[in-house]
Q: 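Have a look at the structure that comes next, please.
Below, read A as the first sequence line, B as the second, and so on, with proteins coming before strands; counting in each chain starts at 1. Worth knowing before you read on, the calculation uses all heavy atoms, side chains too, and leaves out hydrogens, waters and symmetry mates.
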There are 2 protein chains.
Amino acid sequence: MSKAANTRLTILHKAFELIYTKGYQTTSIDEIIATTQVTKGAFYYHFKTKDEMGVAIIEEILKPTMQEHFIKPTEASQNPIEDFYHMISYLLLEDPFLQVKYGCPVGNLTQEMTPWNTKFSEALAELVDLWKATIINSIEKGKESGLIRKDVVGEQVAFFILSGYWGIRNFGKLQNDNSSYLVYLKELNVYLNGLK
Amino acid sequence: MSKAANTRLTILHKAFELIYTKGYQTTSIDEIIATTQVTKGAFYYHFKTKDEMGVAIIEEILKPTMQEHFIKPTEASQNPIEDFYHMISYLLLEDPFLQVKYGCPVGNLTQEMTPWNTKFSEALAELVDLWKATIINSIEKGKESGLIRKDVVGEQVAFFILSGYWGIRNFGKLQNDNSSYLVYLKELNVYLNGLK
DNA sequence: GTTATTTCATACTAATTAGTATTTTTTATG
DNA sequence: CATAAAAAATACTAATTAGTATGAAATAAC
C-alpha cells in the first residue's frame with residue numbers, strides 16, 4: 001500500500017473510532033488530526049469536506065466489515081433460526097470492537113445524520129438493505145428446507161429482527177450494562193422458535 | 001401562569017421542537033433564543049447551562065407527555081395484546097407531533113446524549129423504566145385474566161416491544177417513509193398474537 | 001537528474017459556540 | 001408610592017469550528 005493510501009486509511013480508521021465513541025458532530029477535524037498525527041493539509045488533501053470523510057467511513061470501513069462479519073456467515077448458513085440468534089448474540093455480547101455504552105455504529109450514524117445529509121442516508125441505507133436482503137434470502141431458504149414455516153413473511157421478520165437489534169442497543173447505551181441484552185436475547189429466542 | 005413561568009415554558013417547548021428535528025448538539029442556544037424571541041439574559045436566568053435545559057425538557061415536557069399518552073391508557077387497558085398493538089401503531093402512524101423523518105424524541109436523545117451526560121441518562125432511564133414497568137404490569141394482568149399465556153415473561157416481552165419500536169423508528173428515519181412501519185406492524189401483530 | 005505531480009505542512013480566517021458581566025426593566029411587597 | 005427582588009436586555013469574551021491559502025517536501029515520469 002502506498003504511503004498516501006496509508007494515511008488515508010489511518011484517518012478513516014481513527015476517525016471512525018472517535019465517531020463511534022463520541023458521535024459524528026462532536027468529533028472535530030482538529031481532534032481527528034491530533035490523534036492521527038496527520039496534518040490538516042494532509043486531511044483536506046484526501047477529503048474535500050468532513051462529510052465526504054464520513055461517507056467514506058461508511059463505504060470503506062463499515063460496509064466491508066459488515067460484508068465479512070454478517071453477510072458472508074448468513075449466506076453460508078444452513079439453519080437460519082439458530083444462526084440469526086447467534087449473529088445477534090455475538091454482536092451484543094462478544095464482538096470485541098463493539099461496546100455496550102457506545103451502541104451500534106450504523107444505528108448511531110443513522111440516528112445522528114439522517115435526515116440532514118442525504119449522502120449519509122444513501123450510504124447507510126445501502127448497507128442496511130444488504131443486511132436485510134441477506135436475512136430475507138436466508139429465511140426463504142429455511143422455508144424450502146422445512147426449517148421455517150411456509151406462512152412466515154421474510155421481509156416482516158427481517159425488519160423485526162433488525163429493529164429489535166437497533167432498539168436494544170439503545171437500551172444498552174441507556175443502562176450501560178448488558179443486563180437488558182440478556183433479557184432481550186431470551187425473548188428473541190422465543191420469537192425465533194415461533195418461526196419453526 | 002406567571003409571565004416568567006411562561007417564558008420558561010416557551011423556551012422548553014420551542015427548544016424541544018428544535019432538538020427533535022435537528023438534534024441536541026446541533027441546536028444552538030442562539031438559535032433557541034432567536035426562534036423564541038427570548039433574550040440570552042432571560043435564557044440564562046432560567047437555566048444555568050444548556051444541559052440543564054436539556055434535562056428540564058425531559059422531565060417537564062417528555063415525561064408528562066408520556067404519562068398522559070402511554071402510561072395512563074396502558075394502565076386502563078383490559079386487553080393488553082390489542083392495546084400494545086394500538087399503542088405502537090398510533091405512535092408510528094397517527095401521532096400528530098411525531099414525524100417519520102425525525103424518529104422518536106426519547107430514542108434520539110438516548111442515542112445522542114448517552115453515555116456522555118449522566119444527568120441525561122438518568123432522566124431518560126427513569127422515563128423508559130416507567131413505560132417498561134407499565135407494560136410488564138399490563139402483561140401480568142393479562143396473564144391473570146387468561147388473555148396471555150402463563151409462561152410469557154413480562155420483562156422479556158417489554159424489552160422486545162420497546163426495542164422493536166425504537167429500532168423501527170430508525171428505519172423510518174433512514175428511508176423517510178412509513179413503508180417499513182407497515183411491514184413491521186404486521187410482524188408485530190404476529191408476534192403479539194403468539195403471546196395468547 | 002531534471003521536471004512534473006502528488007502528497008503533506010503551516011499559518012491563517014471568518015463564523016459559531018456556550019457562557020458571562022453588567023445594566024435596565026418589570027413585578028411583588030410593604 | 002417606595003423599595004427590594006425578580007426577570008430580562010445588551011454587549012461582550014474566549015474557545016472552538018470547518019475550511020483555505022500558500023508553500024514545501026516527497027514521489028513518479030522521463
Side-chain angles (χ1 to χ4, degrees), chain A residues 1-58 60 108-109 112-114 116-120 123, chain B residues 1-58 60 108-109 112-114 116-120 123:
Chain A
M1 183 165 51
S2 79
K3 214 175 171 187
N6 187 56
T7 60
R8 186 191 155 90
L9 263 190
T10 304
I11 293 171
L12 288 179
H13 274 115
K14 277 284 174 192
F16 170 54
E17 269 188 53
L18 286 171
I19 289 167
Y20 174 48
T21 54
K22 293 172 45 89
Y24 180 83
Q25 308 275 7
T26 47
T27 298
S28 71
I29 289 170
D30 284 337
E31 202 176 351
I32 293 170
I33 65 175
T35 59
T36 50
Q37 308 262 49
V38 160
T39 63
K40 192 159 271 195
F43 181 96
Y44 277 100
Y45 173 77
H46 287 285
F47 308 102
K48 271 213 288 288
T49 63
K50 186 187 178 185
D51 283 4
E52 189 178 297
M53 179 210 63
V55 173
I57 287 176
I58 298 172
E60 296 170 43
N108 293 357
L109 278 175
E112 199 180 351
M113 301 309 291
T114 303
W116 296 108
N117 187 308
T118 48
K119 296 278 179 192
F120 270 76
Chain B
M1 183 165 51
S2 78
K3 215 176 172 189
N6 187 56
T7 60
R8 187 193 155 89
L9 264 190
T10 305
I11 293 171
L12 288 179
H13 274 116
K14 277 282 174 194
F16 171 55
E17 268 187 55
L18 286 170
I19 290 167
Y20 174 49
T21 53
K22 294 175 41 93
Y24 180 83
Q25 307 277 5
T26 46
T27 299
S28 71
I29 290 170
D30 283 337
E31 202 176 351
I32 294 170
I33 65 175
T35 59
T36 50
Q37 308 261 52
V38 161
T39 62
K40 194 159 271 195
F43 181 94
Y44 277 100
Y45 174 78
H46 286 285
F47 308 103
K48 268 213 290 288
T49 62
K50 185 187 178 185
D51 283 4
E52 189 177 299
M53 178 209 64
V55 173
I57 287 176
I58 298 171
E60 297 170 43
N108 294 356
L109 278 175
E112 198 180 351
M113 300 310 291
T114 303
W116 295 108
N117 187 308
T118 49
K119 295 278 180 193
F120 271 76

Q: Of the nucleotides dG19(D), dA7(D), dA8(D), which has the atom closest to the Tyr44(A) side chain?
A: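 Of dG19(D), dA7(D), dA8(D), dG19(D) is nearest to the side chain of Tyr44(A).
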Q: Dump the intermediate steps for side chain to side chain contact (heavy atoms under 4.5 Å, CB included) on Lys50(B) and Ile32(B), then the final yes or no.
A: CA-CA 10 Å; Lys50(B) 185 187 178 185; Ile32(B) 294 170; 5.6 Å; no
Q: On DNA chain C, compare the nucleotides closest to Gly41(A) and Asp51(B); which residue's is nearer the 5' end?
A: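 It is Gly41(A), whose closest nucleotide lies nearer the 5' terminus.
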Q: Would you check if Phe47(A) and Leu12(A) make a side-chain contact, meaning some heavy-atom pair closer than 4.5 Å?
A: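 Yes, their side chains come closer than 4.5 Å.
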Q: Whole Å only: how far is the CD atom of Glu31(A) from the C1' atom of dA15(D)?
A: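 Result: 14 Å.
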Q: For the pair made of CZ in Phe47(B) and C1' in dA8(D), what is the distance, rounded to whole Å?
A: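 My rounded result for the distance is 14 Å.
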Q: Which whole-number value in Å describes the distance from Leu9(B) CG to dA7(D) C1'?
A: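 Checked: the CG to C1' distance equals 16 Å.
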Q: Please tell me if the side chains of Met53(A) and Ile19(A) come closer than 4.5 Å, counting only heavy atoms from C-beta onward.
A: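 Contact flag for Met53(A)/Ile19(A) side chains = yes.
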Q: Which nucleotide in the set dC8(C), dA8(D), dT7(C) lies at the smallest distance from any side-chain heavy atom of Tyr45(A)?
A: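 Looking only at heavy atoms from C-beta outward on Tyr45(A), the closest nucleotide is dT7(C).
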Q: Both Thr7(B) and Asp30(A) contact DNA chain D. Taking the nearest nucleotide for each, which residue is further toward the 5' end?
A: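 Counting from the 5' end, the first nearest nucleotide belongs to Thr7(B).
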Q: Between the side-chain atoms of Lys40(A) and the base atoms of dG19(D), is any donor-acceptor pair under 3.5 Å?
A: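 A donor-acceptor contact between them is present.
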Q: Search all heavy atoms of Thr26(B) against all heavy atoms of Lys22(B) and return the closest pair with its distance.
A: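 It is OG1-O, 2.6 Å.
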Q: Counting only side-chain nitrogens and oxygens, does His46(A) get under 4.0 Å of the OP1 or OP2 atom of dC8(C)?
A: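 Answer yes for this pair, as a side-chain N or O of His46(A) is under 4.0 Å from OP1 or OP2.
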Q: Rounding to a whole Å, what distance do you find between Ile33(B):CD1 and dT17(C):C1'?
A: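 So the two atoms are 12 Å apart, to the nearest Å.
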Q: In terms of side-chain heavy atoms of Ile29(A), which of dA8(D), dG19(D), dT6(C) is nearest?
A: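 The answer is dG19(D).
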Q: Heavy atoms under 4.0 Å, any strand shown: does Ser2(A) hit a base, just sugar-phosphate, or nothing?
A: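 Ser2(A): no heavy atom of the nucleic acid under 4.0 Å.
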Q: Is any N or O donor-acceptor pair between the side chain of Lys50(A) and the base of dG19(D) shorter than 3.5 Å?
A: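 Per atom types, no contact qualifies.
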Q: Give one of base, sugar-phosphate or nothing for Thr49(B), where a contact means two heavy atoms less than 4.0 Å apart.
A: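 Contact class for Thr49(B): sugar-phosphate only.
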Q: Measure the distance from CD on Gln37(A) to P on dT7(C) and round it to the nearest whole Å.
A: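 Those two atoms, CD and P, are 21 Å apart.
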Q: Side chain of Ser28(A) only, heavy atoms from C-beta on: which candidate in dA18(D), dA18(C), dC8(C) is closest?
A: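 Per side-chain heavy atoms of Ser28(A), the pick is dA18(D).
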Q: Given Phe43(A), which partner from the list Thr36(A), Asp30(A), Thr7(A), Ile33(A) fulfils the side chain to side chain contact (heavy atoms under 4.5 Å, CB included) test?
A: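 The passing option is Ile33(A).
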Q: Rounding to a whole Å, what distance do you find between Arg8(A):CZ and dT6(C):C1'?
A: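 To the nearest whole Å, that distance equals 15 Å.
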